[in-house]
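Per chain, numbering begins at 1; letters A, B, ... match sequence-line order. Scope of the values below: all heavy atoms of this structure, side chains included, with no hydrogens, waters or symmetry mates.
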2 protein chains.
Amino acid sequence: MPTTTKDHPSKRPQLSRERVLGCALDLADESGIAALTIRSLAEAMGTKPMSLYHYVANKDEILDGIVDLVFSEISLPSPGGDWRAEMLRRGHAVRSALKRHPWAVGLLESRTSPGPATLRHHEATLATLRAAGFSIQLTAHAYALLDSYIYGFALQEAALPFDGPDTAAEITTPIVQLFSTGQYPSMVEIATEHVLKPGYDFGDEFDFGLDLILDGLAQRLAGAGG
Amino acid sequence: MPTTTKDHPSKRPQLSRERVLGCALDLADESGIAALTIRSLAEAMGTKPMSLYHYVANKDEILDGIVDLVFSEISLPSPGGDWRAEMLRRGHAVRSALKRHPWAVGLLESRTSPGPATLRHHEATLATLRAAGFSIQLTAHAYALLDSYIYGFALQEAALPFDGPDTAAEITTPIVQLFSTGQYPSMVEIATEHVLKPGYDFGDEFDFGLDLILDGLAQRLAGAGG
DNA sequence: TGGCTGTTTCGTACATAGTACGCTACGGTT
DNA sequence: AACCGTAGCGTACTATGTACGAAACAGCCA
């Protein structure tokens, strides 16, 4: 049978670097970063492992690529605006991106070659602080502090065995009962009178810290005379 | 149960769970967490892979174990003392432990079963805050904030391609030159006028943030009426 | 039309990972 | 002497990243 066209004409939408990275990100979201293997990714795309290597050099490049994709989802702060509002919005934006893609925070540790979206993000954030009158020193301090807090919060959130309001109870209750013998009174107290209260959501703690940090930065900015 | 024999005339000091975990920690420190494999660990201990499985159930238990070992290195804060001094010291202690064992912060994300040293550490910290008059809510806020900052800082420190004072220059200079075309002016500014200054050490940023956070907590503690 | 050439895809193979299974070696107990 | 429990190990299975080179296809020129 003389087929003038290829076997699978439109079954598979054609490979490309963008599609590889996009599917890799989806797969990591659905099944976790550990389940993102060359083979599983190829299968998810309806192709074979070695085909992917025409679009990415190796798996590390895939990991770098999806981290940059995550940054590309974060809208950039605007230099020249109210710095505090911009940093508040950026804080929430970064956190929600890291919540959507919990594996990303774990990759931050190992990836050292930032992509273009990551660079743009850093540039816009630094420019916003500088434009608001932060000195170079204070800008560096502020950025290290803000990102440490945001990343660290995301890290802790990713490490929690529960997710969202009220879901803590099922996990925590048996543990608390185990500990109620008295070895860890303060932990039990916090658990029973805070974590186990209806409506509790660890994510709500985020705003307290972000606010406190922005307050402190505002004081230092004013104290330095602008 | 028979704990009688003490001297095996062998050249190897006898296996034990403690020795396995201790060597695993050393190996992770020396060669990185990726190089910590069952095989490499067995070789480092002068034994064979499967022998280790008499002392640990699986590799996850090894990872949990060495994370708890890291916590066991951190001296506990004392409930009843000056809370600010205690939290300052604890902050430095945790950070230096995570600096000694940079792989540990990456494990925090995946490990969800804390060991005894980890639990003792959390308990002592919470008790210190409570004893200083922090309400349950404020204690929870404070702890989430402090640990987010400390872990996040350690995460960023671990991700840096350089380490210690002045070492940033060699890595950063070529990058800065690449960017000096003008795409990222704020990053270049910060780099040339702050990071590349002699004596720069990212680790020095830590105190600024910790101080700011403790200031903010003190204000909130006072504002709530003690 | 036929053939050349570069791009894309894939089949096979290898090194290294965790670990299940079952055997040996040995020191006590009965 | 017979037995047994513990520590240690040899082998083998499965999953991983990826090197190597062949196959399939597209577009071009004769």
Quiz item: Which letters describe nucleotides 12-19 of chain D, given B = protein heavy atom under 4.0 Å from base, S = only from sugar-phosphate, - = neither?
Solution: ----BBBB
Quiz item: Are more than 12 heavy atoms from other residues, nucleotides or ligands located less than 6.0 Å from atom CD of E43(A)?
Solution: no
Exercise. To the nearest Å, give me how far apart NZ (K48(B)) and P (dA25(C)) are.
Key: 14 Å
Quiz item: Hey, are the side chains of D29(A) and W103(A) touching, using non-hydrogen atoms and a 4.5 Å cut-off?
Solution: yes
Practice problem: To the nearest Å, give me how far apart CG (L41(B)) and C1' (dT16(C)) are. | Solution: 16 Å
Quiz item: S51(B) side chain N/O closer than 4.0 Å to the phosphate oxygens (OP1, OP2) of dC9(D)?
Solution: yes
Practice problem: Measure from CG on L63(B) to P on dA17(C) and round the result to the nearest Å. | Solution: 15 Å
Quiz item: If you measure only the distance, is there a donor-acceptor pair under 3.5 Å linking the side chains of H194(A) and E189(A)?
Solution: no
Quiz item: Between T37(A) and S40(A), do the side chains contain an N or O donor and an N or O acceptor separated by less than 3.5 Å?
Solution: yes
Self-check item: Pair Q156(B), S148(A): side-chain N/O donor-acceptor within cut-off below 3.5 Å
Solution: yes
Quiz item: To the nearest angstrom, how far is L52(A) atom CG from dG11(C) atom P?
Solution: 13 Å
Quiz item: Between Y149(B) and F206(B), what is the ring plane arrangement, given parallel below 30°, perpendicular above 60°, and tilted in between?
Solution: parallel
Quiz item: Should Q14(A) be listed as having a side-chain N or O under 4.0 Å from OP1 or OP2 of dT8(C)?
Solution: no
